[in-house]
Amino acid sequence: MYLTFMLEIADGLKDVLIHADFTIESILEYGPNEIASIIGIDPCVAEIIFNAAKKAVKPNVSTQKNLVDRREG
């Protein structure tokens with residue numbers, strides 16, 4: 001599970017997401033429009049949050065792939 005505090009967004013937004021029990025996984029699952037609706041923010045801000053969640057997960061996925069490749073090699 002990826003934690004919301006890892007996102008590269010304003011601390012105030014992180015606090016709102018944490019209090020609404022969002023995780024990075026749930027952010028990616030819901031998408032920007034639903035995030036905006038749930039926490040009552042502008043869809044453009046929700047898009048920023050969504051993109052930050054994608055960015056937070058992407059490096060971790062490639063790092064995990066590199067570890068698997070090393071084990072198999």
Side-chain angles (χ1 to χ4, degrees):
M1 176 174 79
Y2 299 107
L3 303 174
T4 306
F5 69 83
M6 296 171 54
L7 295 176
E8 293 182 17
I9 56 174
D11 289 340
L13 286 175
K14 290 179 193 178
D15 291 340
V16 170
L17 292 168
I18 290 167
H19 289 309
D21 293 324
F22 274 99
T23 62
I24 292 178
E25 291 89 348
S26 64
I27 291 168
L28 295 172
E29 180 181 322
Y30 286 127
N33 291 330
E34 197 164 346
I35 294 165
S37 176
I38 291 170
I39 59 177
I41 60 172
D42 187 273
C44 293
V45 176
E47 186 73 33
I48 292 168
I49 293 168
F50 183 76
N51 289 335
K54 289 194 302 188
K55 183 179 176 184
V57 171
K58 189 173 184 177
N60 292 319
V61 170
S62 63
T63 300
Q64 290 172 357
K65 183 182 180 326
N66 288 338
L67 290 174
V68 169
D69 289 344
R70 288 182 193 161
R71 289 181 191 154
E72 292 176 352

Quiz prompt | Minimal non-hydrogen separation, Pro43 against Asn33, with atom names | solution = CB-OD1, 4.4 Å
Practice problem: Return the minimal non-hydrogen interatomic distance between Ala46 and Pro32, and the atom names on each side. | Solution: CB-O, 3.1 Å
Quiz item: Could you give the distance from CG (Leu28) to CD1 (Ile35), rounded to the nearest 0.5 Å?
Solution: 8.0 Å
Quiz prompt | Nearest-0.5 Å distance, CD of residue Glu29 to CZ of residue Phe50 | solution = 11.0 Å
Quiz item: Is any side-chain heavy atom of Leu13 closer than 4.5 Å to a side-chain heavy atom of Ile48?
Solution: no
Quiz item: Heavy-atom distance under 4.5 Å between the side chains of Phe22 and Ile49, does that happen here?
Solution: no
Quiz item: Do other residues, nucleotides or ligands put more than 12 heavy atoms under 6.0 Å from Glu8 CD?
Solution: no
Practice problem: Identify the residue among Ile24, Ile38, Ile27 that makes a side-chain contact (heavy atoms from CB on, under 4.5 Å) with Leu17. | Solution: Ile27
